[in-house]
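Below is one structure, written out as structure tokens, with a few remarks after it.
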Amino acid sequence: NGEKEYKGCKAVSIYRCASCNSLFAIWSEHKAVTQDETAQEGLSYTCKIVAEFPFEKTTTFTPDITNLSAEFVSIFNQAEVAEAQNLNEICGMGYRRALEYLVDAYIRKNRPTEAIDANLPLGIKIRNYIDNEQIRTLAEKSAWLGNDATHIINNHPDRSVIDIKKFIKAITSIIDA
């Protein structure tokens with residue numbers, strides 16, 4: 001009949017905030033959905049927001065955590081931006097890197113008289129220099145998940161980036177307590 005079948009499209013829409021007058025963009029995917037693939041009637045449409053730009057909803061850490069390691073905060077927030085932009089293959093590596101900075105800063109603060117080699121593997125730093133059992137356990141598990149996000153072999157397929165974020169945030173809460 002000459003009509004083209006609509007399957008879907010991707011769109012970027014630009015909006016202006018009514019409160020602050022700043023611009024932001026939404027990247028979305030739109031699809032037509034039918035109950036019966038042969039029927040033209042009863043089409044419904046879905047819209048999935050893929051990303052929002054600029055993404056500014058990053059975690060705000062306490063001044064104590066920021067003073068402990070501004071690098072940790074910066075890297076963690078960059079990983080959050082990557083995650084929000086659906087860069088799912090790299091955000092886990094960012095969280096793993098943030099963890100390394102947090103652990104290094106934490107052990108240096110708690111062991112100021114010891115010379116700790118910055119080149120030591122993260123696992124050794126966690127096992128040998130973190131005395132708080134809760135922090136050590138969370139850091140070990142975060143490191144495992146971070147390694148899964150970094151390497152080809154995933155040893156914990158039942159876990160995700162969401163878990164590493166929760167564990168790292170739990171570590172910062174314990175440090176703050």
Single-linkage hydrophobic cluster Y95~I90, side-chain heavy atoms < 4.5 angstrom: no
Short side-chain to backbone donor-acceptor contact, N21 and R16, under 3.5 Å: no
Pairwise salt bridge (Lys or Arg N to Asp or Glu O under 4.0 Å) hits with a residue in residues 100-117, at least two apart: R96-E100, D104-R108, D104-K125, R111-E114, R111-D131
Cluster check I164, Y101: I/L/V/M/F/W/Y, side chain < 4.5 angstrom: yes
Qualifying residues under ring pair (Phe, Tyr, Trp, His ring centres under 6.0 Å), relative to F61, sequence neighbours excluded: F72, F76
Shared hydrophobic cluster for I168 and Y129 (ILVMFWY, side-chain gaps under 4.5 Å): yes
Sub-4.5 Å side-chain heavy-atom contact between I175 and I135: yes
Gap separating the NZ atom of K10 from the NZ atom of K31, nearest 0.5 angstrom: 8.5 Å
Which pairs would a plain distance check flag for residues 151-159, meaning a side-chain donor or acceptor within less than 3.5 Å of a matching protein atom at least two apart in sequence or in another chain?
from	atom 1	to	atom 2	distance (Å)
N154	OD1	H156	N	2.9
H156	ND1	D148	OD2	2.8
R159	NH1	D163	OD1	3.4

Beyond-backbone contact of L138 with I174, side-chain heavy atoms, under 4.5 angstrom: yes
L99 side, atom CG; K165 side, atom NZ - distance, nearest 0.5 Å: 14.5 Å
Residue pair V73, I65: steps toward the side chain to side chain contact (heavy atoms under 4.5 Å, CB included) verdict: CA-CA 8 Å; V73 172; I65 295 297; 4.2 Å; yes
Over 12 non-hydrogen atoms of neighbours within 6.0 angstrom of CD1 in I124: yes
Any L68 side-chain heavy atom under 4.5 Å of L102 side chain: yes
Polar side chain donor-acceptor pair, T137 to E133, under 3.5 angstrom: no
In one Ile/Leu/Val/Met/Phe/Trp/Tyr side-chain cluster, 4.5 Å: L145, M93: no
Heavy-atom closest contact (A139 atom, V103 atom, distance): CB-CG2, 4.2 Å
Minimum-distance pair of heavy atoms, taken over all atoms of A79 and C91: O-CB, 3.5 Å
Evaluation steps, side chain to side chain contact (heavy atoms under 4.5 Å, CB included), between N88 and V161: CA-CA 8 Å; N88 300 318; V161 169; over 6 Å; no
Gap between atom CD1 of I107 and atom CG of L120 - 0.5 Å precision: 7.5 Å
Pairwise distance CD1(I75) to CD(E80) - rounded to 0.5 angstrom: 13.0 Å
Shared hydrophobic cluster for L23 and W27 (ILVMFWY, side-chain gaps under 4.5 Å): no
